[in-house]
> 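Supplied in structure tokens, the structure appears directly below.
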Protein chains: 2
Amino acid sequence: MLRIGELATKTGLTAHTIRFYEKSGLINASQRSESGYRYYTDTDVRQAEFVKTARKIGFSVDDVSTLLSIRVDKSNHTCQDVTEITQRKLNDVNEKISELLLMQQTLKILLNSCCGGPESATHCSIMEALDASNALKPRIVAE
Amino acid sequence: MLRIGELATKTGLTAHTIRFYEKSGLINASQRSESGYRYYTDTDVRQAEFVKTARKIGFSVDDVSTLLSIRVDKSNHTCQDVTEITQRKLNDVNEKISELLLMQQTLKILLNSCCGGPESATHCSIMEALDASNALKPRIVAE
DNA sequence: TATAAACTTAGAGTTAACTCTAAGGTCAAG
DNA sequence: CTTGACCTTAGAGTTAACTCTAAGTTTATA
């Protein structure tokens, strides 16, 4: 039986975060001492590790909550239930990546266009591009 | 001279956002009517468009604030000043992309490992992977 | 003149996931 | 029996960038 600090050490979460996850319904201490201390069993530890893993992959706290409800009652859920959550997450991630790649491309073009030296910014091509407001139409990257 | 609603239409911002940007020091109305209505000149419009462009590229409100302070006093700033901000932003973006690519790869592996069908989740390999907690070590992607 | 659209302000609410604080109780070691 | 590490709670604060509300004023149009 571990106390919250030990669980924290073991999982790499903080005690604060574990209590926050408890409020969010993700992690529960199977036992409490008379004085109120949380005590975690091996089963609790495994659940906490599941949470940590799922969060690290990028699932939201809400997603993890859903995944846990499947986990405790696997026979009443299907692989489809699980892949749906995973696929939705992958779609989110793909979309964010697309946005960021666009930003990346634009930023690279801006950087390529500017000397970056100690010259006055009076004719800085980055500033000019931001003013021209077609800075958002990146074409072929001059790699 | 445009009123705030017209500037909003012109820039694709909302009037709310324009007022928020005013509080943040990004956009100012050159004039106010006696009753307090904001009136925007062509110069103001150009600045608002600059802000919109910079925000769309991914610069934070804080970054835009800095870029604007360079913009109004170009001769006292250098190309280096501008590229530094841009490079920092690119670094941020690159880092986020890396994180997301890792997530993407993990999620793809998970999806590949699971049938996704109407079978019971009792032996779902996604659930097993999350439990195994080495789900975070993606190797070569089985594309 | 009446109405509706547009404007004003200060300030609160939203989102996600923590993160921290205050004020106090518990426990093991010396 | 004291010290210090660890624990408890409720609740507030953080971050970024909006987004919205309420209550009232102004302006243009019919």
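Worth knowing before you read on, the calculation uses all heavy atoms, side chains too, and leaves out hydrogens, waters and symmetry mates. Chain letters run A, B, ... following the sequence lines, proteins first, then strands; residues in each count from 1.
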> By side chain to side chain donor-acceptor pair (under 3.5 Å), which residues pair with B:Asn76, not counting sequence neighbours?
B:Asp73

> Keeping to residues at least two apart or across chains, list the salt bridge (Lys or Arg N to Asp or Glu O under 4.0 Å) pairs with something in residues 78-94 of chain A.
none

> Taking only residues two or more places apart in sequence, or in another chain, which ones meet A:His16 in a side chain to side chain contact (heavy atoms under 4.5 Å, CB included)?
A:Thr14, A:Arg19

> Do B:Asn91 and B:Gln87 have side-chain atoms, one donor and one acceptor, less than 3.5 Å apart?
yes

> List the residues meeting salt bridge (charged side-chain N to carboxylate O under 4.0 Å, His left out) with A:Arg71, not counting sequence neighbours, and say none if there are none.
B:Asp131

> Could you work out, with side chain to side chain contact (heavy atoms under 4.5 Å, CB included) as the rule, every residue matching B:Asn94, not counting sequence neighbours?
A:Gln104, B:Leu90

> Holding to side chain to side chain contact (heavy atoms under 4.5 Å, CB included), I want the full list of residues that pass it with B:Cys79, two or more places apart in sequence or in another chain.
A:Cys114, A:Cys115, A:Cys124

> Please report the distance, rounded to the nearest Å, between OH in A:Tyr40 and C1' in D:dC6.
13 Å

> Between atom CD in A:Glu6 and atom C1' in D:dC7, what is the gap in whole Å?
12 Å

> Please list, chain by chain and in numerical order, all residues satisfying side chain to side chain contact (heavy atoms under 4.5 Å, CB included) with A:Ser65, sequence neighbours excluded.
A:Leu26

> Kindly state which residues belonging to residues 81-98 of chain A come within less than 4.0 angstrom of DNA chain D, counting heavy atoms of the residue only, listed by number.
none

> Write out all pairs satisfying side-chain hydrogen bond (donor to acceptor under 3.5 Å, both in side chains) with one or both partners inside residues 113-124 of chain B, taking only residues at least two apart or from two chains.
B:Ser113-B:Ser125, B:Ser120-B:Thr122

> Counting just side-chain N and O atoms, does B:Arg38 come under 4.0 Å of either OP1 or OP2 of C:dC7?
no

> Got a sec, which pairs hit salt bridge (Lys or Arg N to Asp or Glu O under 4.0 Å) with one end in residues 32-46 of chain A, sequence neighbours left out?
A:Glu22-A:Arg32, A:Glu22-A:Arg38

> Measure from CD1 on A:Ile18 to P on C:dC20 and round the result to the nearest Å.
15 Å

> Can you confirm whether A:Glu6 is buried at CD, in the sense that more than 12 heavy atoms of other residues, nucleotides or ligands lie under 6.0 Å from that atom?
yes

> Can you pull every protein N or O that's under 3.5 Å from an N or O on nucleotides 15-19 of chain C?
unit_1: C:dC18; atom_1: OP2; unit_2: A:Tyr21; atom_2: OH; d: 2.6
unit_1: C:dC18; atom_1: OP2; unit_2: A:Arg55; atom_2: NE; d: 2.9
unit_1: C:dC18; atom_1: OP2; unit_2: A:Arg55; atom_2: NH2; d: 3.1

> Strictly under 3.5 Å: I want the nitrogen or oxygen pairs between protein and nucleotides 23-27 of chain D, one per line.
unit_1: D:dT26; atom_1: O3'; unit_2: B:Ser35; atom_2: OG; d: 3.2
unit_1: D:dT26; atom_1: O2; unit_2: B:Tyr37; atom_2: OH; d: 3.3
unit_1: D:dT27; atom_1: OP1; unit_2: B:Ser35; atom_2: OG; d: 3.1

> When you check the phosphate oxygens OP1 and OP2 of C:dG11, does a side-chain N or O of B:Arg19 lie under 4.0 Å from one of them?
no

> How close or far is atom C1' of C:dA6 from atom NZ of B:Lys10, stated in whole angstroms?
19 Å

